Amino acid sequence: MTDVQVETGLLAGDQRMLIDGELQHTASGALFDVVHPGSEQVVGQATDGTVADMERAVGAARRAFDETDWSHNVEFRYHCLTQLYEALVRNKERIRRIVVTEVGCPVSMTGSQVDSPIEEVKHWAEYGRAFNYLEDTGVHETVMGQARHLIHYDPVGVVGAITPWNVPFYLNIAETVAPLMAGNTVVLKPAQWTPWSGTELGRIVAEETDIPAGVFNVVVSNANEVGAALSADPRVDMITFTGSTATGRAILAAGAPTVKKALMELGGKSAHIVCDDADFTACLPMAAMMACAMSGQSCILPSRILLPRSRYEEGLAILAATMENIPMGDPWQEGIMQGPQISETQRNKVLGLIRSGIDSGARVIIGGGTPENLPTGYYVQPTLLADVDPDSQVAQEEIFGPVLCVIPYDTDEDAIAIANNSIYGLSGEVSSADNDRALRIAQRLRTGSVTVNSKSFFGITSPFGGTKQSGLGRRNGDFGFKEYLEMKTIGQPV
Ligand code: ADP
């Protein structure tokens, strides 16, 4: 969290999309409502973009890529993204209020939603400016004798960015700024529950930067078909997406006929292996808090906790003691850690999965329903389920709620097998008094990242993404920047 004075209170964002440099409403004037999940109140509206709006935005991005010098003028991109960084810093408190309003994220937890992504803009501007777009790899043997090989890194082209509602401002930045700095043009399609984190970004780009018309477009809509139109459009070269695995599959299928490049960060069902020698009082309260922070609406959270049978009840008691005392309630209130779920639908989905867990034999230690003291707002009690069957629906499906599933195990080998028993492979965690033991286990997990003894894997300079059905490709780090570039090998005389 920052040390600045944060502003509180519901705030509606801009209603308009950004297409080809113009902030605009859809032609019919249709709007859709935006609801604050903490009060169930309609706070304002956003323009309800159509497939025709999306087609215009893609056309603008195509033209900007093909006909302006954006793709090959690094210094100009650096100038524009530095302006964007400065403008976002100026607008930071407004963005924070909009994020809390539309996501329901507690204001005290907005550091990763708002402050860190703004700093990422600066990072990518500087990274992309220093990047060597023409790499000399030396002399190589070829079928036609020796040749010097150069690799030229070209931008991929028009990038469609489709983002979800859980960390909308962060993901709008994460999915658009590195591609822009790499020389691509972008069409952003934010989620319908959180349109303003996208429209505000569009407004700031249009009003406070020199980013040329068509380079960055934002199309908001209440209809999934508008995102589907982006993922199928033949003029789009690449889709970057964060969201559910089911939607990821649909986007990949839509892009297949034109062989689009794809960067996908999908669902997760990560496991935290707690070894029998671990310091339970250090790792378990943190695990319980993480499960409830952001109301469990994060794909990387370890939502399965694997406890050694020899210390099972001791571990459950520590988790329960923390979950019983999670400060939950109005996201604007000081000290609140857990806010509401994003919507009624999402809350019902979480409650349904809890019920399915109970039906398959899980024991409810804490929670299991909605809090009586918060009748308004889409709240779910912090919920601790013990004796969860590792093959049951609640242990296999992503819940996206404040629910921890505890599974007992006997040996490290058992724990590794249970952790890997998932279609997902996004992240994981290992806690042990012995770092080498934890590292050995971490290496056996089929996931894109692992936290060992509370040292987070997540940072702008290290690759982040999933294995198996958790995704394709990686964001962040040098590798993440190169995802938005094509490698062209050039042979020339030695
Ligand atoms: P949820 O996490 O609620 O299941 P999704 O993963 O479906 O959400 O949604 C993430 C983003 O994908 C949102 O911007 C949504 O509008 C968009 N989306 C949903 N369906 C499709 C689709 N078929 N094609 C492209 N984008 C879609």
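Only a predicted model underlies this, so the values are computations on that prediction, with no experimental measurement involved.
With S270 as the fixed residue, the side-chain hydrogen bond (donor to acceptor under 3.5 Å, both in side chains) test singles out one of S470, S303, S427: S427. The side-chain hydrogen bond (donor to acceptor under 3.5 Å, both in side chains) test with Y85 singles out one residue from R90, E119, K122, E126, and that residue is E119.
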Note to self: Set out, in order, the CA-CA distance, both residues' side-chain angles and the distance that settles ring-ring contact (aromatic ring centres under 6.0 Å, His included) for F400 and W165, then state yes or no.
What the structure shows: CA-CA 12 Å; F400 244 52; W165 44 261; 5.6 Å; yes
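Distance CG/L188 to CD1/I162: 9.5 Å, rounded to 0.5 Å. To the nearest 0.5 Å, the span separating CD1 on I95 from CD1 on I204 amounts to 4.0 Å. Between the CD atom in Q338 and the CE atom in M109 there is a gap of 10.0 Å [rounded to 0.5 Å]. Taken from OG1 in T194 to CD in E102, the straight-line distance is 5.0 Å, to the nearest 0.5 Å.
Take T411 and apply the side-chain hydrogen bond (donor to acceptor under 3.5 Å, both in side chains) test, not counting sequence neighbours, and it matches D414.
The ring of F32 has its center no closer than 6.0 angstrom to the ring center of W193. F479 and F481 have their aromatic ring centers separated by at least 6.0 angstrom.
Remark: R363 engages D387 in a salt bridge, criterion side-chain N to carboxylate O under 4.0 Å. In this structure, E265 does not pair ionically with R475, as no charged nitrogen and carboxylate oxygen lie closer than 4.0 Å. For D115 and K92, the salt-bridge test passes: some basic side-chain N is under 4.0 Å from an acidic carboxylate O. Ionic pairing of R440 and D412 is not present here: no N-O contact between side-chain nitrogen and carboxylate oxygen is shorter than 4.0 angstrom. The pair D276-R437 meets the salt-bridge criterion, with a side-chain N (NZ, NE, NH1 or NH2) lying under 4.0 Å from an Asp/Glu carboxylate O. Of the charged side-chain nitrogens involved, at least one lies within less than 4.0 Å of a carboxylate oxygen, so that R96 and E93 count as a salt-bridged pair. Under a 4.0 Å N-O distance rule, the pair R309/E314 does not qualify as a salt bridge.
Remark: the backbone N or O of N166 is not paired with any side-chain donor or acceptor of Q297 at under 3.5 angstrom. In this structure, the side chain of K189 does not engage the main chain of T163 through any donor-acceptor pair within 3.5 Å. Remark: side-chain polar atoms of E175 are paired, donor with acceptor, to backbone N or O of T242 under 3.5 angstrom. Between the side chain of T199 and the backbone N or O of A46, no donor-acceptor pair lies under 3.5 Å. Using a distance-only test at 3.5 Å, with no hydrogens or angles considered, a donor-acceptor pair links the side chain of K269 to the main chain of E397. Remark: side-chain polar atoms of T467 are paired, donor with acceptor, to backbone N or O of G425 under 3.5 angstrom. A distance-only check finds no donor-acceptor pair linking the side chain of S231 to the backbone of I251 [under 3.5 Å]. Under a 3.5 Å cut-off, the side chain of S298 and the backbone N or O of G296 do not form any donor-acceptor pair. Side chain of E483 to backbone of L263: no donor-acceptor contact under 3.5 angstrom is found.
No side-chain heavy atom of V103 sits less than 4.5 Å from a side-chain heavy atom of W196. Counting heavy atoms from C-beta on, the side chains of L307 and I407 never come closer than 4.5 Å. Between N172 and V218, the closest side-chain pair of non-hydrogen atoms is not below 4.5 Å.
Ring-plane geometry between Y133 and F131 is classed as perpendicular, the angle between the planes exceeding 60 degrees on a 0 to 90 degree scale with a lower cut at 30. Ring-plane geometry between F464 and F457 is classed as parallel, the angle between the planes falling under 30 degrees on a 0 to 90 degree scale with a further cut at 60.
For the residue pair Q346/Y378, the side-chain donor-acceptor check at 3.5 Å is not satisfied. The closest side-chain donor-acceptor pair between Q393 and S356 falls under 3.5 angstrom. Side chains of N91 and R203: a donor-acceptor N/O pair is present below 3.5 angstrom, by distance only.
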